[in-house]
Amino acid sequence: MATPAPFRLYNTLTKQTEPFVPLQEGAVSLYVCGMTVYDHIHIGHGRAMVAFDAFVRYLRHRGWAVRFVRNFTDIDDKIIRRALERGEEPLALAQRYIDAFHEDTDALGLARPDVEPRVSTSMEAILHMTEHLIAKGHAYEADGSVWFSVQSFPEYGKLSRQRVDELRSADEESGKRHPADFALWKACKPGEPTWPSPWGQGRPGWHIECSAMSREQLGAQIDIHGGGLDLVFPHHENEVAQSECASGEPFARYWMHNGLITMASGQKMGKSLGNVFNIREALAVFPAEALRLYLLQNHYRTALPWSETSLTEALSMLARLYEAKEVAGQLAREPGEAQESPAAAAQALGEDAAAALALAEGFEARLYGALDEDFNTAQALALAFELARAVNRLAGHKRAKRRAGPIAALALAAFERFSAALHLLGAAPGEFTEEVKRKRLAPLGLTAEEVEGLLAARAAARAAKDWAESDRLRDLLDARGVAVMDTPAGAEWRVKL
RNA sequence: GGCGAUGUGGCCGAGAGGUCUAAGGCAACGGUCUGCAAAACCGUCUAUCAUCGGUUCGAAUCCGAUCAUCGCCUCCA
């Protein structure tokens, strides 16, 4: 395998974009905080999932051996509460939502992580780390619970730049020595699932799981730890404290945080705010790629606004790219002048062709340049659109069919490079428009058969040059959201965006 | 109260101090195409880069202040 390509990454720990230096040559160990599984995933989760999926795929594309771990939190207050409401076993409820999660992320086209550890099956590692922290004097037991002592770790706060004494104190809980101390192990309460421990029956606290599972799967030190920006404090801060106190060495070298989805009001989308839009609902009426494009169109660290039209806009964008790619493919397949070099073709066709050639040839370097600099997918996308316009212009040339082939072939290769890097735009020609038709028709309350039936009637009217009837049928379809396009080969249709 | 982030055209949004009179997208408008359309394509427009001050030969980019918005400090991707 070729030497992996270097890249730079913004590190929350240092607040700087830094060259990535791996612990092990050619390898990247990545731990991303996953879901607490008590509900379906929404667009906000989708952003984190897609951002890291694209990131991992890109690193692999560039030659890195990535080991990607993402956990499930399947023991937690909210799971227990919801299970209680529904009269279900908490772990059974969690399992249902893990299954739903897999259905949704598979449908979204995400690659599964190498390992997806769960709290309920990582108990040994959690207990082990907790005991170790007590032994080293960083944690203490009180009434069957175990607390981490933030004052035992002078560097506490270094990730989020919080100072322990400046924090707003949360509810006082019994047994804590300092308000900022947090639970590693919670003594059992009636009706909750429990596990045996040296301190009696109980269950793990929230933060310890990620430290324990990360250590178990990837070792004491990892390259990159990822998650949503809203996890920086306290979750990731606490992970740093636990992991570094336990091992005595630095935990994650790079902390990578994705920005949140925000509503028109500017507020974030969040389960607790009740303003979520589920991935499942979105995928029922939009192709997965439209979501992926929407979620990758901004830089991963900035807030991404959500609106009613976000996905239709993404769909428009995607359609434009797919069409340009298809144009490039068609041109590339034209017989044209035999064996002409791209440069000769550009020479013959003039300025637009030369511009297209230059773009196609420089595409890869610019694409990698954008993505290697803190994974700037927004910039990468802009390149694809520039290429699209250049291809369309090229195709508009009078002699394009005869001579643009060699240039179009390079453009097509550039599009394919883009697909390989970001896992976008990879569907076969026509596949995408079919999926759009299928999914967009449903919310209109129409079936393909109905549309085809009306079009057949219209074709008859057109054959008789009955323009009034033809237009009436077209207007009818138009009013219901279907655009009709007459082509030399007959009428085609698509769902209006 | 503490910590942090952001403020670029109608909207979204990228911008490693000079090539930025600012990429790209969406929308709008004009043209090509068409029986007329639609779709598609091509083209066009709108930016004193929040405000004020400073550093610099030179700033959207660095510094300071102000204003505004948002996130975290309780569960949260």
Side-chain angles (χ1 to χ4, degrees), chain A residues 8 12 15 17 32-36 38 41-52 70 73 76-78 81 157 160-171 180 206 226-235 237 257-262 265-273 276 293-294 297-299 301-305 307 309-310 312-317 319-321 323-324 327 352 369-370 373-374 376-386 388-389 391-393 395-396 462 465 467 470-471 474-475 477-478 482-488 491-494 496-497:
Chain A
R8 286 157 51 82
T12 307
K15 299 179 67 179
T17 303
V32 175
C33 286
M35 294 287 308
T36 299
Y38 67 96
I41 55 171
H42 59 70
I43 304 277
H45 302 125
R47 180 160 201 215
M49 301 304 154
V50 167
F52 285 104
R70 186 178 57 211
T73 299
D76 155 276
D77 292 350
K78 297 201 166 186
R81 195 192 318 141
S160 60
R161 285 161 183 76
Q162 301 287 339
R163 288 174 50 204
V164 174
D165 44 354
E166 293 286 0
L167 295 172
R168 250 181 213 172
S169 56
D171 308 333
W206 176 37
L229 202 54
D230 51 352
L231 294 181
V232 175
F233 191 90
H235 185 54
E237 191 68 60
H257 290 106
N258 63 274
L260 307 178
I261 304 263
T262 54
S265 61
Q267 283 183 321
K268 77 167 178 176
M269 178 183 283
K271 280 189 276 200
S272 50
L273 296 172
V276 300
L293 183 73
Y294 159 67
Q297 70 181 313
N298 281 17
H299 184 98
R301 281 195 285 116
T302 63
L304 175 62
S307 81
T309 58
S310 291
T312 49
E313 279 179 25
L315 208 45
S316 299
M317 294 165 82
R320 178 171 167 82
L321 291 177
E323 277 173 47
V327 166
D352 283 351
E373 184 63 22
D374 197 26
N376 195 331
T377 53
Q379 218 166 47
L381 224 30
L383 291 172
F385 282 103
E386 278 184 47
R389 184 171 53 230
V391 164
N392 286 330
R393 273 183 169 176
R462 284 172 62 76
K465 290 211 184 326
W467 304 127
S470 166
D471 289 353
R474 186 174 66 200
D475 290 346
L477 281 164
D478 186 80
V482 175
V484 178
M485 297 152 302
D486 291 318
T487 74
E492 290 184 9
W493 62 275
R494 69 164 56 180
K496 290 197 296 184
L497 295 181

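Letters go in sequence order (proteins before strands), and every chain restarts at 1.
Rounded to the nearest Å, the gap between the P atom of rA47(B) and that of rC11(B) is 13 Å. rC75(B) and rU69(B) have their P atoms separated by 27 Å, with the value rounded to a whole Å. Taking atom P on both rU6(B) and rU44(B), the two are 34 Å apart, rounded to the nearest angstrom. rG18(B) sits 34 Å from rG71(B) when the P atoms are compared, rounded to a whole Å. Distance check on atom P: rG15(B) versus rA23(B) gives 14 Å, rounded to whole Å. Across rG25(B) and rG64(B), the matching P atoms stand 36 Å from one another, rounded to whole Å. Between rC12(B) and rC52(B), the two P atoms lie 22 Å apart (nearest whole Å). With P as the reference atom, rG53(B) and rG58(B) are 16 Å apart, rounded to whole Å.
The partner of rG1(B) is rC73(B), by the rule that a Watson-Crick or G-U pair needs both atom distances under 3.5 Å. Both distances falling under 3.5 Å, in either a Watson-Crick or a G-U wobble arrangement, occur for no nucleotide opposite rA39(B). Nucleotide rC11(B): paired with rG25(B) (Watson-Crick or G-U wobble, both distances less than 3.5 Å). The base-pairing partner of rC20(B), taking Watson-Crick or G-U wobble contacts with both distances under 3.5 Å, does not exist among the strands shown. In this structure rA68(B) sits in a base pair with rU6(B), meeting the Watson-Crick or G-U test at under 3.5 Å. Checking rC62(B) for Watson-Crick or G-U wobble geometry (two distances, each under 3.5 Å) identifies rG54(B) as its partner.
Ranking rC42(B), rA77(B), rA40(B) by closeness to the His45(A) side chain, first place goes to rA77(B). Among the nucleotides rC42(B), rC72(B), rC12(B), the one closest to the side chain of Asn298(A) is rC12(B). Residue Asn376(A) has its side chain nearest to rA14(B) when only rA38(B), rA14(B), rG43(B) are considered. When the nucleotides rC72(B), rC42(B), rA5(B) are ranked by their closest atom to the side chain of Gln162(A), rC72(B) comes out on top. Of the candidates rC75(B), rA77(B), rA14(B), rA14(B) carries the atom nearest the His299(A) side chain, counting heavy atoms from C-beta on. In this structure, of rC12(B), rA77(B), rC75(B), it is rC75(B) that holds the atom nearest to the side chain of Lys78(A).
Residue contacts for Ile41(A): at a heavy-atom cut-off of 4.0 Å it reaches no nucleic acid atom on any strand shown. At a threshold of 4.0 angstrom between heavy atoms, the contacts of Gly226(A) with the nucleic acid are absent. Here Lys496(A) lies out of heavy-atom contact (under 4.0 Å) with every strand. Within the nucleic acid shown, Gly44(A) comes within 4.0 Å of at least one base atom, counting heavy atoms only.
Looking at every heavy atom in both residues, His299(A) comes nearest to Ala378(A) through N-CB, 4.0 Å. The nearest pair of heavy atoms linking Thr262(A) to Ala303(A) is CG2-CB, 3.8 Å.
Whole-Å rounding puts the Arg301(A) CZ to rG13(B) C1' distance at 15 Å. Put simply, CG on Leu477(A) is 14 Å from C1' on rA39(B), counting in whole angstrom units. Atom C1' of nucleotide rC3(B) and atom CD of Glu166(A) are separated by 9 Å, given to the nearest angstrom. Taking atom CG of Leu260(A) as the reference point, atom C1' of rC70(B) lies 10 Å away to the nearest angstrom. Note: CZ (Arg47(A)) to C1' (rG71(B)) measures 13 Å, nearest angstrom. For the pair Asn258(A) CG and rC72(B) P, the computed distance is 13 Å after rounding to whole Å. Rounding to whole angstrom units, NZ of residue Lys15(A) and C1' of rG71(B) are separated by 14 Å. Asp230(A) has its CG atom 8 Å from the P atom of rC73(B), to the nearest Å.
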For a quick check, with a 4.0 angstrom heavy-atom cut-off, what is the B/S/- contact string for nucleotides 25-37 of chain B, read 5' to 3'?
SS--------BBB

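Taking the side chain as every heavy atom from C-beta outward, Ser310(A) and Leu304(A) never approach each other to under 4.5 Å. Annotation: side chain of Arg301(A) is not in contact with side chain of Thr12(A) (no heavy-atom distance under 4.5 Å). By the 4.5 Å heavy-atom criterion applied to side chains, Tyr294(A) and Ile261(A) are counted as neighbours. By the 4.5 Å heavy-atom criterion applied to side chains, Asp478(A) and Lys496(A) are counted as neighbours. Counting heavy atoms from C-beta outward, Gln297(A) and Met317(A) have side chains that approach closer than 4.5 Å.
Shown here is Arg161(A), whose CZ atom has more than 12 heavy atoms of other residues, nucleotides or ligands within 6.0 Å.
Nucleotides of RNA chain B nearest to Ala303(A) and Ala388(A) differ in position, and the one nearer the 5' end is that of Ala303(A). Each of Gly227(A) and Arg494(A) lies near RNA chain B, and the nucleotide nearest Arg494(A) is the one positioned closer to the 5' end.
Residue Asn392(A) places at least one side-chain N or O under 4.0 Å from the OP1 or OP2 atom of rC42(B).
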Set out, in order, the CA-CA distance, both residues' side-chain angles and the distance that settles side chain to side chain contact (heavy atoms under 4.5 Å, CB included) for Arg8(A) and Asp374(A), then state yes or no.
CA-CA 5 Å; Arg8(A) 286 157 51 82; Asp374(A) 197 26; 5.8 Å; no

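Take Arg462(A) and apply the side-chain contact (heavy atoms from CB on, under 4.5 Å) test, not counting sequence neighbours, and it matches Arg458(A), Trp467(A), Ser470(A), Asp486(A).
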